[in-house]
Amino acid sequence: MIELRDVDLSFGDRAVLRGVSLRLSERRIGVIGANGSGKSSFMRLLNGLVLPNRGTVTVDGLDTGTHGKDVRRKVGFVFQNPDNQIVFPVVEEDLAFGMKNLDLPKDQIAARINEVLARYDMTDLREYPAHLLSGGQKQLLAISGVLVMEPDWLVLDEPTTLLDLRNTRRIARAIDGVNQHVIMATHDLDLIAGFDRVILFDQGKVALDGPPAEVVPAYERMMG
């Protein structure tokens with residue numbers, strides 16, 4: 001479980017989140033809100049990419065402020081722009097990077113790479129230059145680079161914003177098929193229609209929290 005208790009977050013004099021308390025345990029959770037509502041900052045709190053000014057964020061009881069490394073093994077994060085996440089110039093090298101840092105055996109690293117490439121029909125791209133991949137392929141590589149680390153949670157911050165419809169659908173299928181708990185921030189409301197829970201942020205606070213059938217129409221009304 002991921003738990004936030006009375007969390008405030010500020011950047012300088014600008015308050016971004018105020019008084020956020022949530023317990024997250026569902027398999028699929030959507031996060032929505034207008035630009036500037038605080039949802040992206042909320043997502044970064046979940047694995048310790050940013051730390052609260054007040055309150056606590058814990059993952060299975062581990063505080064993100066004091067057990068950041070352990071938390072990040074449990075909670076994998078996928079950025080909106082995959083270029084911010086892809087480190088190495090070749091697909092296979094990029095997938096291996098995180099696992100090498102964990103000192104996993106070479107045969108285990110190879111097996112995980114083989115599995116994830118096959119899963120997303122990217123086996124023929126193993127030795128392909130990462131910077132020459134299409135936008136959809138880059139996002140799949142970024143997701144795959146997180147999945148090979150075998151986290152318990154997959155947190156995605158607007159992963160389809162830069163993609164066309166075909167690749168958006170491809171990413172949606174990929175996310176739907178993972179075994180991990182998923183928390184996804186998105187402006188594409190169709191992507192979260194089948195989720196277990198949706199959290200709506202407005203002006204740094206949780207404005208609504210419930211099933212998609214209730215929260216999404218309320219957000220649409222709010223946006224006029």
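The structure presented is a predicted model; accordingly, all values stated were derived computationally and were not measured. We use all heavy atoms of the structure for the numbers below, so side chains are in, but hydrogens, waters and symmetry mates are not.
There is a path of hydrophobic side-chain contacts, each under 4.5 Å, that joins F11 to L4. A single hydrophobic cluster is not seen to contain both V90 and F97; linkage of ILVMFWY side chains at heavy-atom distances under 4.5 Å, directly or through other members, places them apart. Using a 4.5 Å cut-off between side-chain heavy atoms of Ile, Leu, Val, Met, Phe, Trp and Tyr, with links allowed through other members, L117 and I171 fall into the same hydrophobic cluster. Residue V59 is not grouped with residue V146 when hydrophobic side chains (ILVMFWY) are merged at heavy-atom distances under 4.5 angstrom, including chains of intermediate members. Criterion: ILVMFWY side-chain heavy atoms under 4.5 Å apart, direct or through other members. Under it, L9 and I199 are part of a common hydrophobic cluster.
The backbone N or O of T58 lies less than 3.5 Å from no partner atom in the side chain of D63, so there is not a single donor-acceptor pair. The backbone N or O of V148 lies less than 3.5 Å from a partner atom in the side chain of R112, making a donor-acceptor pair. With hydrogens and angles ignored, the 3.5 Å screen pairs no side-chain donor or acceptor of E26 with any backbone N or O of V198. Side-chain atoms of N114 come within 3.5 Å of backbone atoms of A110 as a donor-acceptor pair (strictly under, hydrogens ignored). Side chain of R170 to backbone of Y120: a donor-acceptor contact under 3.5 angstrom is found.
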Distance-only criterion, 3.5 Å: show the donor-acceptor pairs between side-chain atoms of residues 215-224 and protein atoms not counting sequence neighbours.
| residue | atom | partner | partner atom | Å |
| --- | --- | --- | --- | --- |
| Y219 | OH | G33 | O | 3.4 |

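For the pair R28/R197, no side-chain contact is recorded, criterion being any heavy-atom separation below 4.5 Å from C-beta on. Between V50 and S41 the shortest side-chain heavy-atom distance does not fall below 4.5 Å. Considering only heavy atoms from C-beta on, T64 stays 4.5 Å or farther from L45 through its side chain. D60 has its side chain out of reach of H67: every pair of non-hydrogen atoms, C-beta onward, lies at least 4.5 Å apart. Inter-residue side-chain proximity for L46 and L24 is flagged as met; some heavy-atom pair is nearer than 4.5 Å. For the pair Q85/K138, no side-chain contact is recorded, criterion being any heavy-atom separation below 4.5 Å from C-beta on. For the pair F201 and V206, the minimum side-chain heavy-atom distance is below 4.5 Å. Within the 4.5 Å cutoff, the side chain of Q180 has heavy atoms near those of the L147 side chain.
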**OP:** Please test N35 against H187 for side-chain contact (heavy atoms from CB on, under 4.5 Å), starting from the C-alpha separation and ending with a verdict.
**Re:** CA-CA 9 Å; N35 290 336; H187 287 293; 3.0 Å; yes

**OP:** Just do the side-chain contact (heavy atoms from CB on, under 4.5 Å) check on R18 and Q203 with the steps written out, would you?
**Re:** CA-CA 9 Å; R18 294 173 290 173; Q203 297 182 9; 4.1 Å; yes

Subject >> Check against side-chain contact (heavy atoms from CB on, under 4.5 Å), K100 and I109 >> reply: CA-CA 8 Å; K100 287 181 178 178; I109 291 174; 3.9 Å; yes

Original post:
Given the rule in the side-chain contact (heavy atoms from CB on, under 4.5 Å) test, do N101 and M149 qualify, once you have shown the distances and angles that lead to the verdict?
Top reply: CA-CA 10 Å; N101 285 340; M149 303 296 287; over 6 Å; no

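In this structure, the side-chain hydrogen bond (donor to acceptor under 3.5 Å, both in side chains) partners of R23, at least two apart in sequence or on a different chain, are E3.
Legend: ring pair (Phe, Tyr, Trp, His ring centres under 6.0 Å) pairs involving residues 147-180, not counting sequence neighbours, sorted by first then second residue: W153-H181.
Summarising the local packing, CZ of R126 is surrounded by more than 12 heavy atoms from other residues, nucleotides or ligands at distances under 6.0 Å. More than 12 heavy atoms of other residues, nucleotides or ligands lie within 6.0 Å of CD in Q108, so this atom counts as buried by the packing criterion. A 6.0 Å sphere centred on CZ of R169 holds no more than 12 heavy atoms belonging to other residues, nucleotides or ligands.
A pairwise comparison of heavy atoms in L49 and R72 identifies N-NH1, 4.3 Å as the closest pair. Shortest non-hydrogen contact noted between L163 and G136 is CD2-N, 3.7 Å. Taking each heavy atom of Q80 and Q139 in turn, the nearest pair found is O-NE2, 3.1 Å. Heavy atoms only, all atoms of each residue included: L22 and F42 are closest at CD1-CE1, 3.8 Å. Considering all non-hydrogen atoms of both residues, G76 and P151 come closest at N-CB, 3.7 Å. Between S134 and Q137, the closest heavy-atom pair is N-OE1, 2.9 Å.
Between the side chains of D157 and S40, at least one donor N or O lies within less than 3.5 Å of an accepting N or O.
Each of V78, I183, V31 was checked for a side chain to side chain contact (heavy atoms under 4.5 Å, CB included) with L156, and the lone residue meeting it is V78.
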